[in-house]
*Asks:* 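My questions all concern the structure below.
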Amino acid sequence: MNHITIVESKNHVGEEVEIGAWVANKRSSGKIAFLQLRDGSGFFQGIVVKSEVEEEVFQLAKSLNQETSIRLTGVIQEDSRSKFGYEIAVNSIKVIGESHDYPITPKEHGTEFLMDHRHLWLRSSKQHAIMHIRNEIILATYNFFNKEGFIKVDPPILTANAAEDSTELFHTQYFDQEAFLSQSGQLYMEAAAMAFGKVFSFGPTFRAEKSKTRRHLIEFWMIEPEMAFMDHEQSLEVQEKYVAYIIQSVLDNCDDALDVLERNKETLKKYTELPYPRISYDEAVKLLNENGFDDITWGDDFGSPHETFIATQYDKPVFILNYPKAIKPFYMKPHPDRDDVVLCADLIAPEGYGEVIGGSEREVDFEALTQRLKDFGLAEEDYAWYMDLRKYGSVPHSGFGLGLERAVTWICGTEHIRESIPFPRLLNRIYP
Ligand code: 4AD
Ligand code: MG
């Protein structure tokens with residue numbers, strides 16, 4: 001007999017098969033038991049008809065607790081009432097692992113309770129849908145950059161210098177030397193771009209940010225492309241093309257997951273239309289001031305209410321360009337006509353999801369960059385290797401970082417970033 005998974009059932013209609021599954025839920029009457037089954041690949045229903053199975057099979061079906069693991073045999077048949085379209089008419093059931101008093105019942109639970117049981121919560125259909133979309137975005141990322149001629153390069157996780165804000169570093173011990181967990185692979189990716197032209201990284205990054213918002217994780221995954229001989233304008237084109245590509249891939253391959261999440265597909269479709277609008281930081285400040293945000297003056301960084309307001313002016317993601325030099329990292333190249341702003345952009349997602357990409361053209365001049373290190377109080381000797389890139393055939397180059405979980409949260413349309421990663425690390429949470 002064929003051992004199959006639930007998603008494969010469409011290829012086995014009319015056949016008797018064996019499936020390993022968990023009982024997600026169950027209801028029964030005197031004559032029939034309906035088992036809601038899941039096996040990781042999908043969800044479908046098992047029907048146990050009293051008159052068609054041995055009495056002990058029917059009694060066993062009626063007694064199964066939520067999350068009991070079983071092996072069952074039965075015949076796959078079409079089920080026009082369910083969206084999935086198939087079910088199994090059960091012949092036999094064998095219990096593999098018992099389950100008593102499973103804590104997550106079909107009733108509503110509070111968020112903290114669910115977060116404490118994240119290791120079990122992952123089994124639910126909503127979490128299943130989110131993780132499938134996350135997986136699709138990961139696959140689409142590899143496909144996109146491969147198609148565009150990039151190669152993946154892996155920067156180190158343990159580092160000796162800061163890439164972004166040095167107040168947000170996780171400190172650790174590297175034998176008798178102090179070290180940090182990577183906040184961004186960017187500086188290493190710049191070295192890689194000088195070696196391989198177009199590169200991208202995809203790895204975990206760590207920020208000891210004391211932000212308790214629905215957009216911040218302490219540990220998150222970032223995709224960081226870096227491109228030699230590309231100016232910032234060319235980088236923006238890669239960014240929007242990449243974002244449109246991952247959204248299109250989710251639309252093409254995650255239809256059921258989007259339905260489970262009740263995500264509006266027309267809305268997502270709109271985000272695949274290029275180009276995305278662009279406004280300058282100056283214009284953004286003006287727009288905010290004209291609309292009653294008098295807490296922002298030129299030079300301030302935007303908070304989430306500001307980003308959300310700007311986003312609502314557009315029906316697509318919007319690039320905000322050329323932020324003040326003082327609020328951006330040391331490596332960004334100043335604007336050629338203005339010394340107070342840098343050649344950078346943040347891509348702000350619609351619907352209040354905030355910044356999904358931060359990117360810039362990099363300062364490539366040795367003297368100017370040396371001065372920037374000084375201005376930021378960064379020790380030159382820590383960055384000696386990075387400065388070498390400006391000594392030996394320095395070229396214009398640009399890059400960006402997309403936060404995977406920000407993208408997943410936005411594309412799924414979920415409220416909070418904590419559900420976009422299997423085991424979120426949040427301020428005050430490292431369990432489970
Ligand atoms: O804007 P950020 O800090 O940029 C960099 O790290 C650059 N070195 C990237 C580069 O140019 N190679 O972070 C990039 C993105 C943000 O736009 C956001 O999507 C995400 O990373 N991000 C976070 N996601 C979740 N939780 C956090 N605490 C995040 N901080 C940044
Ligand atoms: Mg940023």
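Counting convention: from 1, in listed order, for ligands and their atoms alike. Keep in mind that what you see is a predicted model, and the values were worked out from it rather than measured. Computed from heavy atoms alone, side chains included, the values below leave out hydrogens, waters and symmetry copies. When a residue number appears, it is its place in the shown sequence, counting from 1.
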*Asks:* Pick one of side chain, backbone, both or neither for how Glu209 approaches ligand 1, counting any non-hydrogen atom pair under 4.0 Å.
*Replies:* side chain

*Asks:* For atom 15 (C) of ligand 1, what is the closest protein heavy atom, and at what distance to 0.1 Å?
*Replies:* Gly401 O, 3.6 Å

*Asks:* Please determine if Gln183 has a nitrogen or oxygen closer than 3.5 Å to a nitrogen or oxygen of ligand 1.
*Replies:* no

*Asks:* Is the NZ or CZ atom of Arg27 positioned over Phe34's six-membered ring, under 6.0 angstrom from the centre and within 45° of the axis?
*Replies:* yes

*Asks:* Looking only at distances, please establish whether an N/O atom of ligand 1 is found under 3.5 Å from an N/O atom of Glu226.
*Replies:* no

*Asks:* Looking at Phe196, I'd like to know if its CZ atom is crowded, meaning that more than 12 non-hydrogen atoms belonging to other residues, nucleotides or ligands lie closer than 6.0 Å.
*Replies:* no

*Asks:* Is the ring centre of Trp121 less than 6.0 Å from the ring centre of Phe113?
*Replies:* no

*Asks:* Can you tell me which residue and heavy atom of the protein come closest to atom 14 (C) of ligand 1, and the distance to 0.1 Å?
*Replies:* Met222 SD, 3.4 Å

*Asks:* With backbone taken as N, CA, C and O and side chain as the heavy atoms from C-beta onward, which portion of Phe220 lies under 4.0 Å from ligand 1: side chain, backbone, both, or neither?
*Replies:* side chain

*Asks:* Just how far is it from atom OH of Tyr86 to atom OG of Ser80, taken to the nearest 0.5 Å?
*Replies:* 11.0 Å

*Asks:* Say whether Glu224 and Ser184, considering side chains only, have a donor N or O and an acceptor N or O under 3.5 Å apart.
*Replies:* yes

*Asks:* Would you say ligand 1 has an N or O under 3.5 Å from any N or O of Gly403?
*Replies:* yes

*Asks:* Salt-bridge test for Arg207 and Glu164: reply yes if a basic N is under 4.0 Å from a carboxylate O, no otherwise.
*Replies:* no

*Asks:* Select one of side chain, backbone, both or neither to describe which atoms of Arg362 lie under 4.0 Å from any atom of ligand 1, heavy atoms only.
*Replies:* side chain

*Asks:* Hey, is Glu405 close enough to Arg134 for a salt bridge, meaning N to O under 4.0 Å?
*Replies:* yes

*Asks:* Strictly under 2.8 Å of the Mg ion (ligand 2): which protein N/O/S atoms qualify?
*Replies:* Glu355 OE2

*Asks:* Okay, side chain of Gln177, backbone of Tyr174: is any donor-acceptor separation there less than 3.5 Å?
*Replies:* no

*Asks:* What do you reckon, does His216 have a nitrogen or oxygen under 3.5 Å from a nitrogen or oxygen of ligand 1?
*Replies:* no

*Asks:* Using a 4.0 Å heavy-atom cut-off, say whether Ile357 meets ligand 1 through its side chain, its backbone, both or neither.
*Replies:* backbone

*Asks:* For Leu217, is at least one N or O under 3.5 Å away from an N or O on ligand 1?
*Replies:* yes

*Asks:* Can you report which non-hydrogen protein atom sits closest to atom 3 (O) of ligand 1, along with the distance?
*Replies:* Arg207 NH1, 2.7 Å

*Asks:* Among all protein heavy atoms, pick out the one at the shortest distance from atom 18 (C) of ligand 1; state its residue, atom name and that distance to 0.1 Å.
*Replies:* Arg406 NH1, 3.5 Å

*Asks:* Under the ring pair (Phe, Tyr, Trp, His ring centres under 6.0 Å) rule, what pairs show up with a residue in residues 217-240, not counting sequence neighbours?
*Replies:* none

*Asks:* Examine the proximity of ligand 1 to Glu355 and report which part, side chain or backbone, both or neither, has a heavy atom under 4.0 Å away.
*Replies:* both

*Asks:* How would you list, by chain and number, every residue that makes a ring pair (Phe, Tyr, Trp, His ring centres under 6.0 Å) with Tyr331, sequence neighbours excluded?
*Replies:* none

*Asks:* Counting only heavy atoms closer than 4.0 Å, does ligand 1 sit against the backbone of Tyr331, its side chain, both, or neither?
*Replies:* side chain

*Asks:* Just jot down the ligand 1 atoms closer than 4.0 angstrom to any heavy atom of Ser184, in number order.
*Replies:* 6 (O), 8 (N)

*Asks:* Would you call Lys316-Glu240 a salt bridge at under 4.0 Å N-O?
*Replies:* no

*Asks:* Let me check something: any side-chain donor-acceptor pairs from residues 143-152 under 3.5 Å, sequence neighbours excluded? List them with distances.
*Replies:*
from, atom 1, to, atom 2, distance (Å)
Asn143, ND2, Leu139, O, 3.4
Glu148, OE2, Lys241, NZ, 3.2
Lys152, NZ, Asp154, OD1, 2.5

*Asks:* With the threshold set at 4.0 Å, does a side-chain nitrogen-carboxylate oxygen contact exist between Lys94 and Glu18?
*Replies:* no

*Asks:* Would you indicate whether Glu108, at its atom CD, is surrounded by more than 12 heavy atoms from other residues, nucleotides or ligands within a distance under 6.0 Å?
*Replies:* no

*Asks:* Below 4.0 Å, non-hydrogen atoms only: which portion of Glu164 touches ligand 1? Side chain, backbone, both or neither.
*Replies:* side chain

*Asks:* What part of Glu224, side chain, backbone, both or neither, has a heavy atom within less than 4.0 angstrom of ligand 1?
*Replies:* side chain

*Asks:* Where is the nearest protein heavy atom to atom 19 (O) of ligand 1: which residue, which atom, and how far?
*Replies:* Val356 O, 2.9 Å

*Asks:* Between Tyr142 and Phe200, is the ring centroid distance below 6.0 Å?
*Replies:* yes

*Asks:* Kindly confirm or rule out an N or O of Pro225 lying under 3.5 angstrom from an N or O of ligand 1.
*Replies:* no

*Asks:* Identify whether the distance between the nearest side-chain nitrogen and carboxylate oxygen of Glu419 and Arg118 falls below 4.0 Å.
*Replies:* no

*Asks:* Using a strict 4.0 Å cut-off to heavy atoms of Arg215, name the atoms of ligand 1 that fall inside it.
*Replies:* 25 (C), 26 (N)

